[in-house]
Every structure is written in C-alpha cells, then in structure tokens.
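Nothing here was measured: the structure is a model prediction, and the numbers come from that model.
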Amino acid sequence: MSIYIKKYFTFVPYVLLTLLLIRACFFYIGPIIDTMEHLQVVWMISDGKIPYLDFFDHHTPLLWYLLAPFTLLMEYNVYIIYAARFISLLSYFLCFLAMYFLIKNHLANKKIAQYSLLGLILLPIWLSLVDLRPDSFMLLCQIMSLYCFYNYLDNRNKKQLIFSYFLSTLSFLFLQKSLIFILCFGLGNIYLLYHKKCKLTDCLIASLYAVLPLFLYLIYLFYSNSLNNFFFYNFIFNIQLNEYLHNASWCRYLFLYVLALLILYIKFCKTNDKQIVLTIIIIGQAFSLYKFAPYTHYYIPYFVLVSVAMGWFIDKIFSKHIFRFYCLYFPLFLISLYVMNNRINKDSYNLSEFIDMSNYLMSDDIKNSTVLNLATGCVFCSQPDFYWFGFDSILTMEYAYNAQRTNPLYLINKHRYKYIYKNMSYPTILKHSEWQAIMNRHLLQSATKSDNPQDYIQYIEPIKTDFWKIDNSVLEKNYIKIKNNSAGEIWKLKE
C-alpha cells in the first residue's frame, strides 16, 4: 500500500471528527450543565467570591482561577459559551497529541501511536468533548507527568522527575479524582525504587517540589476560613454522593472494553519499566470506573491512557494486511460519525432556546439586578445563592448566610430578588409541608453519621427528584412570569 495512501487514510478520520465536533460546539446542547456550572463559578471568583466559603462547588479550583481573566474579557457576552466549548475541545486535542508522542517516543513506535489514536476515535462518545470540564486539563497534566517521568528513566535527569511530580500535583488541583492516578503512579515509583531503577534521593527532592504548591494552597484555604469546607465538599460530599448514584447498566460495557484492552496489553505486549508503570495506573483507574462512573465522560481519560493497547492490537492483527484494516475501519468510523451527528441534529433546537434564554438574562436590566439562579444557564449571576443541579438529583446548596440551611422560599421571602430564573425541566419550588418532611427525614443524617445536626449544619445532601414538586402558585403571589421556553422560566418581582 502506497505510503501516500496510508497518510491519507490516517489523516481523514481526524479531519472528519474535528469538523463534526466544531459543528457540535454550535448545535449540540448535550449535558451543558457542566459548562454552565464552571462558567458561573469562574464568574463568581472574578467577582471576588471565595470558593467553598461564599458558594458551593465540589471540584478543586485550578481551572476556575485560570479562566477567571478570560471570563472578565468576555463579560456579559453569551458567546462565552461557545468560547468555553472551543477551549474544552482544544484541551482534549492537546491530550490526544500528548498521548501520541508518549506512545511514539516511550511506549511503542510511530505506527502504533497512529493506530492507537485511530482506534481511540472509533468510539461514538466524543460529543462530550465540547463540554467544559476540568477532566481534560487533569488528563493533560497526567500524560505530561508520565512523559517527563519516562524521560527521567531514560537519562536520569532530576529536572524531568521534578516536572513529573509537579504536574501530578497540578492534575489534582484541576480535579481531585486524580488522586487515583497519583496513588497508582506512586506504587509504580515504589516498584522501580525496589528494583533500583530510580534514586530515592531524586524522588524525595521531586516530592518536595510537588508538595509545595499544594502546601501554599492549603495555607490560603486556612487563612480564608475555607479549609473545612474544601475538605467537606471535595471529599466527604463526593464520597457520599457515591451512595446516591450508581453506574448506568450500559456503562458496564465500557468498563469491560477497558478491561479487555488492558488484559490483552498485559498478556501479549513486551513489558518494560515504562509499560509496567502505565499498567499499574490503568488497573487502578479501571477498577475505580467499576466502582463509580455513572456517565460516559468519566471513561474518556481512561480510554486515552489505554489506547496504546488498541494500537498494539491493530498492529498485531493487521500488520501485514493494513488495507484490510482500513476497509474494516472506515465503515465502522462512518457509523460512529452518523450516530454522533444524529444526536447533534436532535439537540440543535434546544441549544438555540438555551442561547436565547442566556441572552435575555444578560440584558442590562437583569444583569444589574438581584437574580436568584435556580437553574443552569445564568453565567453572570454573582449572587452566591444558587441551586446546583446534576446527576438526575437536585442538590440544595446554600452557604452564604450564616451557614443556614435554607430552601428557595426562605431566600425569596428574605431577599425579595427582583428576578428568579428556574429550569422547567427541574422542579425547584417546594411547598412548605414538603420541605419540612424532607428536613425531618434528613436533618439527623450526615456524612459521618452524626446524631447531632448542629455539628454538621453546613451539611449538603442529595435529594432525589421524587421528593420535589413544582408549586408556581408560591411565585405567582409576588412575581410575574416574563419569559419562558424549553430552557427555563424568568420571573420578575411585581412592582
């Protein structure tokens, strides 16, 4: 097969997928809740709010601080949604590129690196790449950390090890679930130390550099009085969230896919120190998927890391019959594109409604008024009273006023917001009797199973949607509905 034809066949799928994802940025609404959540948090930080103290979120903060200047640059501009999607898309492309060079230079060769990415993009799961999440930035730091570590194994350059450990710390500051990667990476380091493949003194010195940014951030949390909340929201809350969420049944097939590739890689690939470290990491992450991965995008970082096994598998089976591989690959790839494009077509109307609502919320009268955000989509709402929705549950979040647990009625009656924005797809207003029933049922329960509710007055608990009912009559007494579409409703206080 001509080398030019090979290059053409290898290049075309990437171009087609890129064009599809660019189209998705403009027409696919998908789970846009994550993008809007992080944009709103970034805006509140740029407005001077302190994470975990002035508002709730359950992610580590590095992404927010990096994007804060960007949010100010596009202040009160609905196109920030599109810009955020392109940033997410770019970050994932950098992850794919970094993985390509990791495989090419350290784990295999150029041919297997190309096959790895071809096998990776075959799955019809890539629409979620357009949603802004810290996962891609975490993954990029992890891959670069491995690249620097492999450089250290080759040349014993201490600086490479320092960069490797430092990038591991940054991956945690982007997203706390990187602790699984760090733990398994540490086990791989211990294995190599035991076999005298790296120096203990180098590891200790690199560890000091890695701990330094984390130590400085902990000092900031302590002096901003947000250390307890940081620990509670990012660890206790997320651990308890696992009790309410379960893997979707179809997600088990994705786990089996990862596990099958891993078994093939371990059984047939030539093992060296670099591959052993990667295998330890993938094993730990694969079993974490089995424990908790309710949505497809949880698998993407692990698919990228295990893609080397797919590249090896393709090379092993089709090395002498590469034309047959492309004859099999392209029909499957086109089917994958068709599935994703069909999902975009179904969602295009919803995204236009969502953008229209976001534009309306950024009008001069609303953006300069007090807004209670009870829904996803109010990007530039700087009030810390907002309700965070996700995972098919409704989580009541409020920490702005003396750590008092409140419901929407309390906030509405106390602060008399001029505007209220609420999703139609999520019930957000409770009757008083229903709220009391929930409070009585859950108040004594906490993440540590304490019997004293005063110890955990800041406790935030998931409440299943079965408990919630819409009661717009509460709003109709003092508010008038001024806009509604598929993205939500806006209510204005009566004059």
With ring centroids as reference points, do [X] and [Y] lie under 6.0 angstrom apart?
X: Y217; Y: F172; answer: no
X: F313; Y: Y115; answer: no
X: Y52; Y: F230; answer: yes
X: F101; Y: Y147; answer: no

If you measure only the distance, is there a donor-acceptor pair under 3.5 Å linking the side chains of [X] and [Y]?
X: Q160; Y: N151; answer: yes
X: Y165; Y: N189; answer: yes
X: Y152; Y: D202; answer: yes
X: N105; Y: Y150; answer: no
X: T71; Y: S46; answer: no
X: S168; Y: Q142; answer: no

What residues, two or more places apart in sequence or in another chain, satisfy side-chain contact (heavy atoms from CB on, under 4.5 Å) together with L62?
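Counting only residues at least two positions away or on another chain, L62 forms a side-chain contact (heavy atoms from CB on, under 4.5 Å) with L66, L170, L173, F174.
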With rounding to the nearest 0.5 angstrom, report the OG to OH distance, S358 to Y421.
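One finds 6.0 Å between OG of S358 and OH of Y421.
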With a 3.5 Å distance limit and no angle check, can you tell me whether S88 reaches the backbone of D131 through a side-chain donor-acceptor pair?
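Judged by distance alone, yes, a pair lies under 3.5 Å.
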So, does Y329 use its side chain to make a donor-acceptor pair with the main chain of L118 at under 3.5 Å?
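Between the backbone of L118 and the side chain of Y329 there is a qualifying donor-acceptor contact (under 3.5 Å).
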